[in-house]
Amino acid sequence: MKWRRLNKNKMKIEESAKKAKQDKQPFQESINEVTGNLTADLNLIRKEIGHNSDVKFREFQMGTTGIRIAIIFIDGFADADVINNHILVDFMSASPKETGHPLKNSSLKDYIKNQALSVSGLNEVRTLKDITSGVMFGSIAILVDGLEDVFLVGGAKAKTRNIDEPATEGSVRGPRVGFIENLKDNTALLRRHGKDQNLSIISSQVGERSKKELVIIYMKDIVDPHLLEEVKQRINKIKIDDVHDSSYIEQLIEDNFLSPFPQVQSTERLDRVMSALMEGRIALLLDGSPFALIVPVTFHMLLQSPEDYYERWMAATLIRILRYFSAFIALFGPSLYIAFISFHPGLIPTKLIFSIAATREGVPFPPLIEALIMELSIEVLREAGLRLPKPIGQSIGIVGGLVIGEAAVQAGIVSPIMVIVVAVTAISSFTLPQYNVGIALRMLRFASMLFASVFGLYGVILFFLLLCSHLVRLKSFGIPYVSPAVSFRLNDWKDFMIRVPLFLMKRRPKLLHPKDSVRKR
Amino acid sequence: MTSSPLDRITSYQAVMFITNFIFGAGILTLPRTTTEKIKTPDSWIAIIVSGLIITLLAVIILKLCQRYPNETFYQFNQKLLGKWVGSLLSLTVISYYIALSAYEVRTMAETTRLFLLQGTPTWAIMMPFLWIGLYLVQGGVNAIARLLEIIFPITVIFFLLVMFLGMKIFEVDNLRPVLGSGVKPVLKGLTTSSLSFAGFEILLFIFMFMKEKNKVTKVPLLGVAIPFIYYSFTVVIVIGSLSVDAVVSQTWPVLTFVRSFEITGLLFERFDSLILVIWIMQIFATYVIALFIATLGLKQIFSKSTHAFIYSLIPLIYLVSMIPKNINEVFKMADIIGNFSLCLFSIMPLILFIISKVKERKYEKM
Amino acid sequence: MKKCRPILRNSFVSMLLLFLLSGCWSSKSIEDVNIAVGSAVDKSKDGKIRSTLQYVIPHAIGTSNSKSPQQKPYINVSATGISLEPIGWETTLRREGPISGAHQKAVIIGQDLAREEPIREITDLYFRDIEIRGSTSIFISKGEAARTLESKDADVIPAIRLVEIAEQELTTRALRHLSLMKTWGKSNSQTSFLIQLIDLKKGEIEFDGAAVIKGRTNKMIGILNKEEIEGINWITGEGKSGAVKAFQKESDKPIYYQIESMKSKIKPHVTGNRISFDVKIESEGRIAEYWDPHFKPAFKNKTIKQIEHAAEKEVMRLVVNTTKKMQKEFGVDVGGFGNQLRIQYPNVWKNVKGNWDEKFSEIPITYDVSITIKDYGMIGSKKN
């Protein structure tokens with residue numbers, strides 16, 4: 001019930017905000033348009049944004065004509081190169097050869113556009129709102145005395161970092177290219193690596209206040225049109241003041257917010273996006289975020305790594321099976337231990353049960369508490385290692401793990417076998433190529449431990465059934481989350497546990513309903 | 001929920017439905033129930049024969065369904081028998097499925113309490129099981145189909161693996177002589193062995209959801225053939241390892257068999273609890289399917305939303321499952337349910353098939 | 001997705017409630033459990049049953065750092081009662097912690113008790129119990145069973161040692177490993193069978209002979225010695241390895257034939273009312289030991305043939321001797337003859353099933369032994 005009430009509250013707030021906006025509008029409308037009188041216009045603009053210290057006004061004259069020109073820009077944000085080498089140079093050395101003096105409005109405008117200004121991106125705007133927003137987004141506004149049009153030149157030149165290998169998704173083999181924060185660079189990267197004329201990049205804006213550019217990327221002749229429509233609709237429905245990162249988008253377009261599993265894939269890797277596009281999936285890139293979102297996604301895809309395709313097929317297959325195995329351990333390791341130790345000691349080999357019983361001698365807690373202590377401390381260590389500066393973080397992890405583990409055993413709080421179980425579990429969860437799957441499994445691990453401590457093996461099976469029941473109901477953009485494991489299609493199984501040699505992968509995965517299903521002839 | 005065009009299952013999933021529904025708690029007692037009647041090691045022959053008969057019945061059901069491709073049994077029986085008789089029949093079938101799911105849950109709880117969780121109250125074992133089933137059934141036919149596809153390979157492969165590990169105590173002598181006392185005892189055992197195939201009628205209800213509707217004879221064939229192979233294999237191994245005299249005296253012969261060997265050098269030495277736990281998934285599948293069909297029936301008869309029905313069914317199933325007072329009454333319940341289903345679903349489809357043929361003739365004449 | 005919200009929430013809340021309400025009903029801390037690995041059942045002096053349970057003390061085994069040298073890795077707890085169940089509860093009055101039978105390895109029954117009570121009834125608890133597996137081994141001890149659960153060695157758990165010896169099945173002088181489950185089937189079908197007999201010699205256990213259990217009464221009626229067990233193993237063809245001496249004359253120095261494989265085929269013949277058996281025994285192996293220096297060199301086929309023949313004679317002697325004992329002394333069939341009759345002549349079997357043991361003692365049995373020596377090990381050179 002609670003969230004519904006929250007929603008209602010939110011709506012109320014939005015309504016009142018709308019009202020406030022409407023109240024303001026008539027006042028703004030009166031001074032909306034640029035008049036053509038430079039002094040008056042400048043005053044208007046000054047009033048609107050002049051109190052910002054980083055907004056610069058520069059007035060000069062056009063060549064020898066004596067026509068006054070003013071440019072407005074944000075210092076450091078607008079491209080200084082364009083101002084110094086193009087705008088100022090062009091205008092100051094301009095000498096219109098027309099005899100008709102003074103230049104008429106239209107011919108002056110044509111002259112500036114066609115002969116004087118040597119920049120590529122040129123917009124004409126008239127309203128004050130457009131000017132201010134343009135300046136705020138990094139353009140240079142050029143006001144010419146006597147002209148009712150204002151030219152907006154250039155875009156922001158943000159300082160961008162170099163293209164590096166993504167820190168969160170390393171690989172031994174394959175391109176070391178990751179996305180960066182700048183959208184233009186990212187789309188350019190995509191174009192360069194995916195030299196395909198069908199690569200479509202559609203732009204839209206999200207954010208009510210701070211408008212950010214979001215691009216939808218897909219292969220025109222592969223993608224399922226229904227899927228594309230669905231994605232577009234969901235993006236259009238986003239109504240939020242600001243999106244700081246693509247993860248906002250992820251959370252706003254996912255299917256089931258109650259599920260612990262990520263239903264959108266996020267990646268920094270270019271090759272991962274490219275291969276997803278080739279399968280008929282859709283990628284979303286947000287300006288300012290190096291993480292691309294890929295939809296739809298299935299659980300299996302989240303356990304894949306691009307490297308699976310770079311290694312030869314046998315190694316890749318083995319690694320994949322290993323990954324599934326470690327996902328299983330990460331989820332069920334401690335709970336199976338609890339179940340066996342406190343419910344079904346009869347299943348364990350006799351000699352092993354002796355040694356386990358011997359090590360547990362003197363441990364004051366039941367296995368569940370023991371496991372919780374260790375699991376919690378390892379989670380705390382992990383979190384601490386993330387937050388601290390990198391060099392310290394690593395050593396905290398090692399020192400903490402070793403010292404706490406060893407000391408806990410020495411003190412008789414936990415048994416050494418439990419330390420082994422917890423450590424193996426933690427390491428297993430690191431093998432998952434996607435960080436957020438790891439988090440999901442970590443959360444579920446605790447639930448499964450609770451089930452195991454009440455019902456033993458039966459509890460583990462119950463938890464498994466519950467998990468499966470949830471997974472089979474879950475869909476990501478209409479695609480069942482558990483495919484291709486189920487809804488058995490032999491063709492899709494070629495790229496499931498076993499990755500068959502590339503020459504056998506002749507078709508794209510059918511589960512995505514691609515328009516052009518043939519990958520290789 | 002179920003009638004939207006997206007809810008379609010593939011032929012393979014339909015096979016899963018049939019197979020998983022036939023499998024259930026029955027297999028744990030199967031070697032005993034068949035051998036009790038037959039008293040010779042020939043139960044596996046009885047299983048094979050009854051499997052063939054059941055396959056035939058399943059094909060008849062398919063033919064019947066193909067006449068009404070877009071309706072379930074609940075809907076087309078009203079066309080054939082009239083509204084009242086049809087509804088009455090549907091209600092009988094629904095109560096049968098409620099009883100069946102109650103039985104499955106109860107057996108699960110009994111075995112679990114016996115082998116896994118001595119001392120845990122029965123209600124505590126049943127409750128989460130019932131809830132999870134409820135949650136799944138709300139996902140509709142597709143979700144169930146997908147779950148079956150996950151459960152099936154896990155359980156079957158595991159079960160077969162354990163059976164093979166037990167090969168070392170297998171002695172062919174225990175299975176001989178073949179037909180030593182003639183065919184007569186085998187015939188006597190046919191009814192009991194056919195009981196183990198109860199569930200083949202599921203096609204009556206899921207045919208409507210199938211994507212492919214023509215040329216799907218392989219669905220009932222395969223759907224019955226898998227449990228059929230599996231059952232004969234189990235019976236052969238268990239009787240071969242324990243001997244007829246031991247099997248007859250064991251309450252849960254399959255579990256006894258698994259308890260009779262140890263494999264040293266593996267991660268596990270014994271497999272009994274493990275096999276039971278794995279098999280619980282299979283029982284879950286049967287329970288969920290039965291629950292789903294019951295709710296589907298209620299929904300289609302009263303044409304209302306399923307939610308209220310599902311919620312009210314859970315306590316009902318719990319109450320029904322608590323009726324038997326001890327394990328003997330549970331087995332008795334199994335017999336009653338099995339006999340009922342066998343009578344109902346071997347005769348009824350045939351009658352309905354004939355009626356529909358007759359009606360078709362009439363229609364043609366007019 | 002809206003539809004599933006209430007149900008998800010409800011089930012989640014109820015789950016939480018369940019966890020809060022529940023204890024961990026069935027969980028037991030492994031270190032508090034007494035892991036029983038073996039049990040011995042004896043007749044006590046006052047005619048009741050005395051049961052001894054062997055518990056393992058885990059921290060006294062293995063890992064060197066925590067080990068205290070004086071402590072034995074097991075402890076035997078015994079109590080007396082009229083049957084096994086009350087005795088089990090009785091022992092819990094004396095030692096803390098519940099008993100877990102899941103790792104029970106061996107059941108040893110004292111001779112005195114086995115001769116008086118049916119095996120099936122003594123072991124009923126072991127079959128009925130949920131924890132104890134059918135794979136548990138069963139033995140009968142010549143003397144007091146409880147004493148076989150003790151050992152002088154500090155780091156040996158006697159019950160586990162017993163089972164390990166039984167499972168290796170190295171020589172034909174011991175029976176094949178017998179699990180509880182197999183005795184169950186045989187007891188139920190009223191077949192006579194053998195149980196491995198163990199004896200205490202100088203404080204350590206030894207596998208010595210076999211107890212004969214009569215099918216009808218299910219009680220022990222006699223003992224077969226090691227040599228007769230060899231005979232049984234040859235008849236059933238169940239031995240895996242072992243040796244046979246191949247004397248030509250009593251005075252000869254030993255020559256030993258080592259068995260690599262043995263097969264036997266019991267073939268029943270029925271003519272009218274007369275039943276007879278043909279047993280064909282085949283074996284392959286090698287010469288393991290060959291002392292006699294003036295014996296002929298092994299390179300010659302003739303010599304090999306001679307040794308084969310001598311071994312065959314010895315096997316024949318063993319087998320006939322055992323058969324005589326079965327038929328004449330005990331009047332029981334423990335060689336699996338009845339089983340073959342059941343399989344091949346089910347109708348005849350139906351008639352004789354009721355008093356098979358009596359009938360068996362009069363049935364003629366013929367043996368045919370053939371032994372093949374494949375090689376003679378590393379030494380084959382001529383010696384003069």
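Reminder, nothing fancy here: chain letters follow the sequence lines and each chain counts from 1.
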If we only count heavy atoms from C-beta on, is the Arg473(A) to Gln138(B) side-chain gap below 4.5 Å? yes

For Leu117(B), is it the side chain, the backbone, both, or neither that has a heavy atom closer than 4.5 Å to a heavy atom of chain A? side chain

Given that the side chain runs from C-beta out, which part of Thr350(A) has a heavy atom under 4.5 Å from chain B: side chain, backbone, both or neither? both

Does a side-chain heavy-atom distance below 4.5 Å link Val454(A) with Thr120(B)? no

Ser273(B) to Leu347(A) - nearest heavy-atom pair and separation: CB-CD1, 3.7 Å

Output the distance between atom CZ (Phe464(A)) and atom CD1 (Ile278(B)), rounded to the nearest 0.5 Å. 8.0 Å

Phe129(B) versus chain A, heavy atoms under 4.5 Å apart: side chain, backbone, both or neither? both

For the residue pair Leu147(B) and Ser469(A), what are the closest heavy atoms and their distance? CD1-N, 3.8 Å

Could you look at Leu276(B) and say if it's the side chain, the backbone, both or neither that has a heavy atom under 4.5 Å from chain A? neither

Are the side chains of Tyr458(A) and Met108(B) in touch, meaning some heavy atoms are under 4.5 Å apart? yes

Which pair of non-hydrogen atoms, one from Ile150(B) and one from Cys468(A), has the smallest distance, and what is that distance? CG2-SG, 4.1 Å

If you take all heavy atoms of Leu466(A) and Tyr135(B), which pair is closest and at what distance? CD1-CD2, 4.3 Å

